[in-house]
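Convention: sequence-line order gives letters A, B, ...; per-chain numbering from 1. Basis for what follows: all heavy atoms, side chains included, without hydrogens, waters or symmetry-related copies.
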Amino acid sequence: MATAEHVIVAEDYDLAATLDSGQAFRWRLGNGLWSGVIGRRCVRLRQEGSSIFAETANSCEDWRWLEEYLQPGTDLAAVLETFPDDPPLHEAVRACRGLRLLRQEPWECLASFILSSTKQIVQIRQIVARLCERFGEPIDGPPGGTGEFSFPTAARIAAASEAELRDCKMGFRAPYLLGTARRVAEGGIDLAGLRGLPLEAAREELMRLPGVGRKIADCALLFGCGFDEAFPIDVWVLKALRQLYFAKRRADKKRLERFAATHFGPHAGYAQQYLFHYIRTKIR
DNA sequence: CTCCAGGCGCCTT
DNA sequence: AAGGCGCATGGA
């Protein structure tokens with residue numbers, strides 16, 4: 001089988017933290033290598049200092065797809081420079097310098113986060129894996145592997161039954177995923193076109209889809225559509241904001257949404273990811 | 001066993 | 001507008 005290797009220069013980049021930070025759900029660590037699927041390619045990644053070594057099962061000459069996904073060219077120092085100068089954020093960044101945002105494919109990102117509600121990250125990974133095995137297409141994997149699959153298209157999921165989706169253990173999320181897949185497949189929403197809209201308009205579009213509320217819309221916008229200012233507030237970020245910024249005040253979710261929209265600046269999504277990682281790993 | 005997990009939609013106040 | 005609750009499933 002024709003394989004291909006490539007090296008990406010990535011300064012100030014923590015690959016492990018980035019792939020394991022709950023923004024993408026198809027990465028596994030084994031023998032020191034991160035294995036995952038991007039589009040129709042099976043990839044293995046390993047970091048040494050400021051180099052990321054990549055290997056695919058297919059032959060490959062043009063690696064722009066991987067650079068697009070990993071975004072190694074983002075100047076992290078310049079992003080952090082835009083953060084507000086407050087103690088909680090300094091501490092969160094200090095705890096995990098090099099954590100990055102990925103740029104994922106919008107449909108896969110949206111569908112994955114529809115499956116994420118009230119699920120732990122390990123379970124989301126399991127559901128996504130089952131969904132890919134059952135509805136994705138086989139792709140070339142490493143020799144001796146157990147079989148790799150692409151993430152299923154909206155059209156393929158739209159053609160499935162709710163019962164078939166429930167067999168992937170997604171429970172009450174099945175009708176949401178099915179309904180949204182149908183809307184996407186029939187052209188009821190242009191996911192790629194969202195990037196050209198203002199944040200609020202793009203969010204409103206997404207929130208018309210079944211199973212997509214404010215939080216999941218913001219995740220799709222941040223992780224899949226390149227809206228750096230999107231700031232998803234889940235139970236963990238809610239906890240971080242209350243604990244670190246509103247310790248002596250009571251603050252409901254609406255209040256915190258308004259606070260986040262103005263406090264964290266043009267790259268608020270990065271701040272959100274640092275706070276998410278910090279509250280999950282450091283405090284418990 | 002109970003509690004809770006990167007929520008949403010619907011039904012009450 | 002704001003708050004409560006059910007929804008499937010499985011870790012902890």
Name the atoms and distances for all side-chain donor-acceptor pairs under 3.5 Å in residues 218-226 of chain A, with sequence neighbours left out.
| residue | atom | partner | partner atom | Å |
| --- | --- | --- | --- | --- |
| A:Asp218 | OD1 | A:Arg203 | NE | 2.8 |
| A:Asp218 | OD1 | A:Arg203 | NH2 | 3.2 |
| A:Asp218 | OD2 | A:Arg214 | NE | 3.1 |

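Evaluation of A:Phe276 against the base of B:dG6 yields a stacking contact (centre distance < 5.5 Å, interplanar angle < 30°).
Looking at heavy-atom distances under 4.0 Å, A:Val212 makes contact with sugar-phosphate atoms alone, never a base. A:Leu209 comes within 4.0 angstrom of sugar-phosphate atoms only, judged by non-hydrogen atoms across all strands, and of no base. Counting any heavy atom pair closer than 4.0 Å across all strands shown, A:Ser21 reaches a base atom.
Not one N or O on the side chain of A:Asn31 forms a donor-acceptor pair closer than 3.5 Å with the backbone of A:Leu33. Within the 3.5 Å criterion, the main-chain N or O of A:Glu5 finds no donor-acceptor partner in the side chain of A:Glu55.
The separation of B:dC3 from C:dC5, taken at their P atoms, amounts to 14 Å, rounded to a whole angstrom. On the P atoms, B:dC4 is 15 Å away from C:dG4, given to the nearest whole Å.
No salt bridge links A:Arg100 with A:Asp14; every basic N to acidic carboxylate O contact stays at or beyond 4.0 Å.
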(request) Any chance you could encode DNA chain B as dot-bracket? Rule is Watson-Crick or G-U wobble with both distances under 3.5 Å; [ ] for pairs crossing earlier ones, | for another strand. (result) .||||.|||||||
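Across the interface with DNA chain C, nearest-nucleotide mapping of A:Val122 and A:Thr118 shows A:Thr118 to be the residue nearer the 5′ end. Heavy-atom nearest nucleotides on DNA chain B were determined for A:Met207 and for A:Pro232, and the one closer to the 5' end corresponds to A:Pro232.
Proximity of A:Arg166 to the phosphate of C:dA8: a side-chain N or O atom is located under 4.0 Å from OP1 or OP2.
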